[in-house]
Number of protein chains: 2
Amino acid sequence: MNHESSLVNLLTDRLIAGELRPGARLSEAALAKEFDVSRNTLREAFRVLGEQGLVNHIPHRGVSVASPNTSDVIDIYRVRRHIECSVLENAPKNHPGAEQMRRAVETAHSAAAADDWLRVGTVNMAFHNALVSLSDSTRLMRSFGNVLAELRLAFLKVEVLDFLHAPFVERNQEVLDTYLDESPSAAAAKLGAYLGDSERQVLGAYARAGQD
Amino acid sequence: MNHESSLVNLLTDRLIAGELRPGARLSEAALAKEFDVSRNTLREAFRVLGEQGLVNHIPHRGVSVASPNTSDVIDIYRVRRHIECSVLENAPKNHPGAEQMRRAVETAHSAAAADDWLRVGTVNMAFHNALVSLSDSTRLMRSFGNVLAELRLAFLKVEVLDFLHAPFVERNQEVLDTYLDESPSAAAAKLGAYLGDSERQVLGAYARAGQD
DNA sequence: AGTCTATTCTTGTTGAACAATCCATGCTAG
DNA sequence: CTAGCATGGATTGTTCAACAAGAATAGACT
């Protein structure tokens, strides 16, 4: 088995699960021991995660879990608007990715009904990843996936990832329906408004939590 | 001095300068000796470059310079269209980034006059990076920069990076003028056509060179 | 020729070691 | 008492040597 790549996955899982909290310092010695790998191997994984934006690396000061501040959140939503809206606007009809979106919405509904908000958050990520897959661009999906993972850390930071997602289950549905039944550009417009509202919600949570 | 980060820069420079040709295998032992660093340090740099898409890493088979094939080129231009057009479309008037674009166009003209096509290529990259900076998004610039660097490798692969850029000096100028004097959306439309033509040129060169 | 196998080379990973830098502590001087 | 300064301890940066593991090559055999 290839240790290093699965180590990245392992770390990523813990990061987006919130086990390694935003801002937490990641000691090389401690983590190497915990995951039973050498420091060198761990450092290679750190470089990957650093390039993905999930951890922050300051020379001689070590690696810490990314802890997006207000301007990071704003930047992330800038990216989301540019990429998601552009992709949806130019999406062809009858793209297979739409099926994945539909499934995500479906799962989100049942998860919301069960009050499993953590799951709703995960499925929400899946929905928007599926949306970007309408572009048929692996590079766009990769970059977007990184940004979305970073946003997940922002949610974790203010610890309100649950009800923040609540109103957006329905709006995902609307965006999908508009794309399917009306037009891509109409859907893109709705998505733009969606993202604006979502951004405001997150920034509001930041303000309440007194985060910068 | 921080070896590792400057090592990444060093390698990046050699890659986009074409000293390390696309597809070339990068032996750990050889490169470690050449740059006078340890294998471990070099491997950390490799992980960063791999995440940026500049090198390809296959487990147990080592690292080689990325060698974009036809579908990679197509994917890269998909990303360019989505990002560049969206950014330009939504760009505010009087953004300071426009000044950088202007300077790039200027430099490109004089470099073209001096038949320094390699420099024209570099400046062309600067122009489009400046264009994306109109988004004020550091993440978008970072992702886009990676994709553009990868495209540079595509040019190097077919060894025609010189005159491929020739017709586009003038079109950069047009896009900039349209953005400044007319409207962002008119400029975005021109840019879209620009990118379509550019893509066709590159794919044509690939076909001529018999590359897949 | 084709395939199997043995050898060889490269990468994957480790542990230990030391240098370089940061950080916290306590001290000194003003 | 505070501002700086020295000191020591901890962490990261980097190297090296070694071995395990997988891949590539060459040769033997059918």
Side-chain angles (χ1 to χ4, degrees), chain A residues 1-15 19-69 142 150 153 212, chain B residues 1-15 19-69 142 150 153 212:
Chain A
M1 177 179 72
N2 190 0
H3 247 183
E4 185 258 320
S5 87
S6 60
L7 180 58
V8 170
N9 291 336
L10 209 62
L11 284 166
T12 304
D13 289 346
R14 300 231 177 174
L15 285 170
E19 290 176 44
L20 302 170
R21 301 291 300 279
R25 199 138 158 283
L26 300 179
S27 155
E28 294 186 353
L31 273 190
K33 190 175 176 186
E34 178 173 349
F35 292 121
D36 197 39
V37 295
S38 76
R39 271 182 65 212
N40 285 321
T41 301
L42 180 64
R43 283 171 62 89
E44 288 186 29
F46 276 174
R47 294 304 167 273
V48 173
L49 295 173
E51 209 56 27
Q52 292 176 347
L54 283 176
V55 303
N56 214 307
H57 176 217
I58 303 176
H60 288 287
R61 261 182 238 187
V63 171
S64 49
V65 182
S67 180
N69 59 23
R142 215 167 44 113
E150 205 181 341
L153 295 184
D212 55 328
Chain B
M1 175 177 73
N2 191 0
H3 248 183
E4 186 258 321
S5 88
S6 61
L7 180 58
V8 170
N9 291 336
L10 209 62
L11 284 165
T12 304
D13 288 346
R14 301 231 177 174
L15 286 169
E19 290 175 43
L20 302 170
R21 301 292 300 279
R25 197 136 160 283
L26 300 180
S27 154
E28 293 186 355
L31 273 189
K33 191 174 175 186
E34 176 173 349
F35 291 122
D36 198 40
V37 295
S38 75
R39 270 182 66 211
N40 296 59
T41 301
L42 181 64
R43 282 169 63 89
E44 288 186 29
F46 276 173
R47 294 304 168 274
V48 172
L49 295 172
E51 210 56 26
Q52 293 176 346
L54 283 176
V55 303
N56 214 308
H57 176 217
I58 303 176
H60 287 286
R61 261 183 238 186
V63 171
S64 50
V65 182
S67 180
N69 59 23
R142 216 167 44 114
E150 204 180 342
L153 294 184
D212 58 326

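Proteins get letters first, then strands, A, B, ... in listed order; numbering begins at 1 in each.
Phosphate proximity of C:dT11 to B:R25: present, with a side-chain N or O under 4.0 Å from OP1 or OP2. Phosphate contact (OP1/OP2 of C:dG12, side-chain N/O of B:H57, threshold under 4.0 Å): present.
The separation between B:N40 atom CG and C:dA16 atom P is 15 Å, rounded to whole Å. The separation between B:H60 atom NE2 and D:dA20 atom C1' is 9 Å, rounded to whole Å. Atom P of nucleotide D:dT14 and atom CG of B:D36 are separated by 13 Å, given to the nearest angstrom. When the C1' atom of C:dT11 is taken as reference, atom CD of B:E44 falls 16 Å away, rounded to whole Å. Between B:R43 atom CZ and C:dT14 atom C1' the separation is 12 Å, expressed in whole Å. The interatomic distance linking B:L42 (CG) with C:dT11 (C1') rounds to 12 Å, in whole Å. Rounding to whole angstrom units, CZ of residue A:R39 and P of D:dT11 are separated by 10 Å. Counting to the nearest Å, the P atom of C:dC22 and the CD atom of A:E28 are 15 Å from each other.
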Inset, instruction - Take B:L54 and B:V65, measure what side-chain contact (heavy atoms from CB on, under 4.5 Å) needs, and give me the verdict at the end. - result: CA-CA 6 Å; B:L54 283 176; B:V65 182; over 6 Å; no
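For the residue pair B:V63 and B:H57, the shortest heavy atom distance occurs at CG2-CD2, 3.9 Å.
Residue contacts for B:V63: at a heavy-atom cut-off of 4.0 Å it reaches no nucleic acid atom on any strand shown.
Of the charged side-chain nitrogens involved, none lies within less than 4.0 Å of a carboxylate oxygen, so that B:E28 and B:K33 do not count as a salt-bridged pair.
For B:T41, taking side-chain heavy atoms from C-beta onward, the closest of the listed nucleotides C:dG12, D:dG13, D:dT14 is D:dT14. Considering only side-chain atoms of B:S27, the nucleotide from C:dT21, C:dT14, C:dT11 that sits closest is C:dT11.
For D:dG13, its base never sits under 3.5 Å from the side chain of A:R61 at any donor and acceptor pair.
Between B:F46 and B:E51 there is no side-chain heavy-atom pair separated by less than 4.5 Å. A heavy-atom distance below 4.5 Å is not found between the side chains of A:L11 and A:V48.
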